[in-house]
Amino acid sequence: MSVSPGNDDDFARRLRRLEDKESLRALLIHGWRALDRKDWRTWIDCWDQDAVLEFGPWERIHGREAILAKVEAAEAPYASMQHHILNMDFEVRGDRATGVGYMWFVGVAGPGAASSPYAMGGPYTWEFARHTAGWRLTRQRLGVWWTTGEDTLRAFATGD
């Protein structure tokens, strides 16, 4: 069976779109697993220099270093954490992309507190840009729809 040039172009576009979507998924998984290890530099390397973070209880944060400072200050005190990113879906348009998903965060305040961790969940929306080094986050919006346990560290309190 021969394939016409038009079909080759269509196949190449579809393959590129699938590769881009997998790259976006891998970027987020790589970065958020780094958060669990408190590898702040690996995580922030997933972000564009001029990125914006919008998170339910916090004010809008501009710039990679400001985002890093805020998240590290909030999450460093936890003895252990799990960042789950669920139901990710992406739309790619050239060198720009958007995505949606859900967050499920679990944090254990101390070694003896494993039976009552603090957890929260809600929707993510993302915006990405492709750079020569690959995809980077340009904007993340994260809402909090539910929480369980007590945020004894006050890591995610409003206005902190």
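Quantities reported herein were computed from a predicted structural model and do not represent experimental measurements.
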Hey, does Trp104 have a side-chain heavy atom less than 4.5 Å from the side chain of Leu86?
yes
Any donor-acceptor pair under 3.5 Å linking the side chain of Thr138 with the backbone of Ala51?
no
Any heavy-atom pair between the side chains of Gln82 and Phe105 that's under 4.5 Å?
no
Checking Thr42 now: which residues fulfil side chain to side chain contact (heavy atoms under 4.5 Å, CB included) with it, not counting sequence neighbours?
His30, Ala34, Asp39
If you round to the nearest 0.5 Å, how far is CG of Asp45 from CG of Leu137?
12.0 Å
Distance in Å, Gln140 CD paired with Thr125 OG1, rounded so as to fall on 0.5 Å steps
8.0 Å
Tell me whether Arg13 is salt-bridged to Asp9, with the criterion being a basic N under 4.0 Å from an acidic carboxylate O.
no
Rounded distance [0.5 Å steps], CG in Leu24 versus CZ in Phe90:
5.5 Å
When you compare the side chain of Glu75 with that of Leu35, does any pair of heavy atoms fall below 4.5 Å?
yes
As an exercise, state the distance from CD of Glu127 to CG of Asp48, rounded to the nearest 0.5 Å.
11.5 Å
Residues Pro77 and Ala73: closest non-hydrogen pair is CD-O, 3.4 Å
List in chain and number order the residues that pass side chain to side chain contact (heavy atoms under 4.5 Å, CB included) with Pro123, two or more places apart in sequence or in another chain; answer none if no residue qualifies.
Tyr102, Trp145
Can you name the nearest heavy-atom pair linking Gly110 to Ala79, along with the distance?
CA-CB, 3.9 Å
Run the ring-ring contact (aromatic ring centres under 6.0 Å, His included) test against Trp47 and tell me which residues pass, sequence neighbours left out.
Trp43
Glu72: which residues meet the salt bridge (charged side-chain N to carboxylate O under 4.0 Å, His left out) condition with it, sequence neighbours left out?
none
Any side-chain heavy-atom pair from Gln49 and Glu65 closer than 4.5 angstrom?
no
Is Val144 reachable from Phe156 through a run of hydrophobic residues whose side-chain heavy atoms are each under 4.5 Å from the next?
yes
Kindly indicate whether the side chain of Phe128, heavy atoms from C-beta on, has any atom under 4.5 Å from the side chain of Val92.
no
Residues that Glu150 engages under side chain to side chain contact (heavy atoms under 4.5 Å, CB included), provided they are two or more places apart
Thr152
Of all residues at least two apart in sequence or in a different chain, which pass the side chain to side chain donor-acceptor pair (under 3.5 Å) check with Glu22?
Arg25
Do Leu53 and Trp58 have side-chain heavy atoms sitting under 4.5 Å apart?
yes
Residues in side chain to side chain contact (heavy atoms under 4.5 Å, CB included) with Arg33, at least two apart?
Ile29, Arg37
Which pairs, with at least one residue in residues 86-98 and sequence neighbours excluded, count as a side-chain hydrogen bond (donor to acceptor under 3.5 Å, both in side chains)?
Asp95-Arg130
Atom of Ala74, atom of Ala155 and distance for their closest heavy-atom approach:
O-CB, 3.1 Å
Between Trp32 and Leu142, is there shared hydrophobic-cluster membership here, with clusters defined by ILVMFWY side-chain heavy atoms closer than 4.5 Å?
yes
Minimum heavy-atom distance Trp135-Ser23, with the two atoms named
CD1-CB, 3.8 Å
Side chain to side chain donor-acceptor pair (under 3.5 Å) involving His62 - partner list, sequence neighbours excluded:
none
Look at the side-chain heavy atoms of Ile, Leu, Val, Met, Phe, Trp and Tyr, link any pair under 4.5 Å apart, and say whether Val52 and Leu28 land in one connected group.
no
Shared hydrophobic cluster for Trp146 and Val106 (ILVMFWY, side-chain gaps under 4.5 Å):
yes
Once you round to the nearest 0.5 Å, how far does OH of Tyr124 lie from CE of Met103?
6.0 Å
Taken in chain and number order and not counting sequence neighbours, the residues that satisfy side chain to side chain donor-acceptor pair (under 3.5 Å) with Arg139 are Glu54
Output the distance between atom CG (Leu15) and atom CG (Asp10), rounded to the nearest 0.5 Å.
11.0 Å
Run the salt-bridge test on Asp20 and Arg16 with the 4.0 Å N-O cut-off and return the result as yes or no.
yes
Who are the side chain to side chain donor-acceptor pair (under 3.5 Å) partners of Tyr78, not counting sequence neighbours?
Asp151
